[in-house]
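These notes concern the structure reproduced below.
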2 protein chains.
Amino acid sequence: MTDAPILQDITVCGSEDEAEIESLHNALIDTPTANRLAEIFKALSDPSRLRLISLLMEHEVCVHSLEMAVGMSQSAISHQLRYLRQLNLVRFRKEGRHVYYALDDDHVRELFAQGLLHVEHG
Amino acid sequence: MTDAPILQDITVCGSEDEAEIESLHNALIDTPTANRLAEIFKALSDPSRLRLISLLMEHEVCVHSLEMAVGMSQSAISHQLRYLRQLNLVRFRKEGRHVYYALDDDHVRELFAQGLLHVEHG
DNA sequence: ATAACATATGAATATATGTTCATGGATAGA
DNA sequence: TCTATCCATGAACATATATTCATATGTTAT
């Protein structure tokens with residue numbers, strides 16, 4: 001994977017149209033952007049995480065409640081929450097022996113909502 | 001992973017508030033919805049696919065042009081296009097020895113655009 | 001102090017995923 | 001016809017990922 005594709009040599013199959021070349025050139029997202037985009041979408045790319053996130057959409061919920069609701073093991077939930085934590089997608093708050101998690105990224109909140117809308121009504 | 005979590009037994013940590021229980025119950029997405037959501041987000045969870053999709057956002061492009069633009073091997077591109085094809089996210093059109101691909105799902109188009117907006121300006 | 005509860009974490013494991021390599025098929029041009 | 005070009009595909013491989021298991025930490029209750 002060459003990191004710096006040679007954009008001057010693009011030929012838009014059959015037409016050497018300069019406008020087409022410019023179009024492709026402008027449309028291509030750069031590597032760091034692609035990486036950050038992939039990172040945020042990857043957080044939403046697993047059914048278990050999506051179920052957890054759905055529970056966190058409205059308000060904070062403690063791990064135990066999540067466990068009761070989603071039917072995953074406590075360990076699996078904790079691992080996924082750590083994953084979301086490391087991406088700064090959720091925040092947590094300790095209260096006694098409970099830990100309350102909440103969504104902390106409006107990007108994923110909006111993407112989740114939009115994706116859900118599309119999936120639900122086809 | 002139990003497929004049918006027992007929602008009646010949810011206790012929202014510290015409060016047996018019925019409203020809270022209802023809230024969790026309503027927020028939780030069901031398994032098929034979670035799976036379809038994950039599927040669409042997974043398509044957007046890889047930097048290479050995102051670069052390809054970015055090139056297909058404006059108009060159809062043939063595989064060769066994609067190869068010139070993204071700096072991936074022809075084989076890797078073809079495999080990724082097959083992946084997107086199997087999810088009905090792209091359509092293709094043959095013309096001579098060229099094959100033109102185009103985005104064929106407005107959901108991913110909108111999700112990509114929204115994600116890009118968020119990532120670009122922080 | 002002891003037991004029960006809520007959560008986190010490391011290791012192990014099984015599976016999924018993305019790429020390369022080699023090759024095949026189809027089409028256009030000489 | 002022969003060759004070059006464009007694209008697809010299966011196999012192999014290396015890496016990533018999600019879960020389980022065992023265990024550790026801290027908190028509340030008795």
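Below, read A as the first sequence line, B as the second, and so on, with proteins coming before strands; counting in each chain starts at 1.
- Comparing A:Glu95 and A:Arg49 by the nucleotide of DNA chain D that holds the closest heavy atom to each, the one mapping nearer the 5' end is A:Arg49.
- Residue A:Gln74 places no side-chain atom within donor-acceptor reach of the base of C:dA6, judged by atom type and a 3.5 Å distance cut-off alone.
- Out of C:dA6, D:dG10, C:dT20, the shortest distance to the side chain of B:Arg82 is found at D:dG10.
- In this structure, CD1 on B:Ile53 lies 12.5 Å from CG on A:Leu28, to the nearest 0.5 angstrom.
- Distance from the side chain of A:His98 is smallest to C:dT7 among C:dT20, D:dT9, C:dT7.
- Judged purely by atom type and a 3.5 angstrom limit, B:His98 has no side-chain atom pairing as donor or acceptor with the backbone of B:Lys94.
- Axis angle between the ends of the helix from C:dA1-D:dT30 to C:dA30-D:dT1, five pairs each and rounded to 10 degrees, works out to 20°.
- In this entry the distance linking OH of B:Tyr101 with C1' of D:dC7 reads 8 Å, nearest Å.
- Counting to the nearest Å, the P atom of D:dA8 and the OH atom of B:Tyr83 are 17 Å from each other.
- Between the base of D:dA18 and the side chain of A:Gln80 there is no donor-acceptor pair shorter than 3.5 Å.
- A:Ile77 places its CD1 atom 11 Å from the C1' atom of C:dT7, with the value rounded to the nearest Å.
- Applying the 3.5 Å distance criterion, the base of C:dT20 shares a donor-acceptor pair with the side chain of B:His79.
- At least one donor-acceptor pair under 3.5 Å links the side chain of A:Ser45 to the backbone N or O of A:Lys42.
- Distance A:Glu39 CD to D:dT17 C1': 15 Å, rounded to the nearest Å.
- Checked by atom type and distance alone, the side chain of B:Arg49 never pairs as donor or acceptor with a backbone atom of B:Leu44 at under 3.5 Å.
- Whole-Å rounding puts the B:Glu67 CD to C:dT19 C1' distance at 14 Å.
- At distances below 3.5 Å, not a single donor-acceptor pair connects side-chain atoms of A:Asp106 with backbone N or O atoms of A:Arg109.
- At a cut-off of 3.5 angstrom, counting only N and O atoms as typed in the model, there is no donor on one side facing an acceptor on the other between the side-chain of B:Ser75 and the base of D:dC7.
- The side chain of A:Arg97 has C:dC5 as its nearest neighbour among D:dA8, C:dT9, C:dC5.
- A:Arg97 pairs by the side-chain hydrogen bond (donor to acceptor under 3.5 Å, both in side chains) definition with nothing, not counting sequence neighbours.
- The side chain of B:Cys62 lies closest to D:dC7, out of C:dT9, C:dA28, D:dC7.
- Of the residues listed (A:Arg82, A:Arg51, A:Met72), the one engaging A:Ile77 in a side-chain contact (heavy atoms from CB on, under 4.5 Å) is A:Met72, and it is the only one.
- Taking side-chain N and O atoms only, A:Arg85 has no distance below 4.0 Å to OP1 or OP2 of C:dT7.
- In this structure, NE2 of A:His64 is placed 16 Å from C1' of C:dA8, rounded to the nearest angstrom.
- Closest to the side chain of B:Met72, out of C:dG29, C:dT19, D:dT9, is C:dT19.
- Contact check, A:Ser73 against D:dT20: a side-chain N or O comes under 4.0 Å of OP1 or OP2.
- Residue A:Leu81 contributes atom CG, which lies 7 Å from atom P of C:dA8 at whole-angstrom precision.
- Under 4.0 angstrom from either OP1 or OP2 of D:dC6 there lies no side-chain N or O belonging to B:Lys94.
- Computed from coordinates, the B:Lys42 NZ to D:dA16 P distance equals 16 Å when rounded to whole Å.
- Nearest to the side chain of A:Val99, among D:dT9, C:dT19, C:dT7, sits C:dT7.
- Without hydrogens or angle criteria, A:Arg91 side chain to A:Tyr101 main chain gives no donor-acceptor distance under 3.5 Å.
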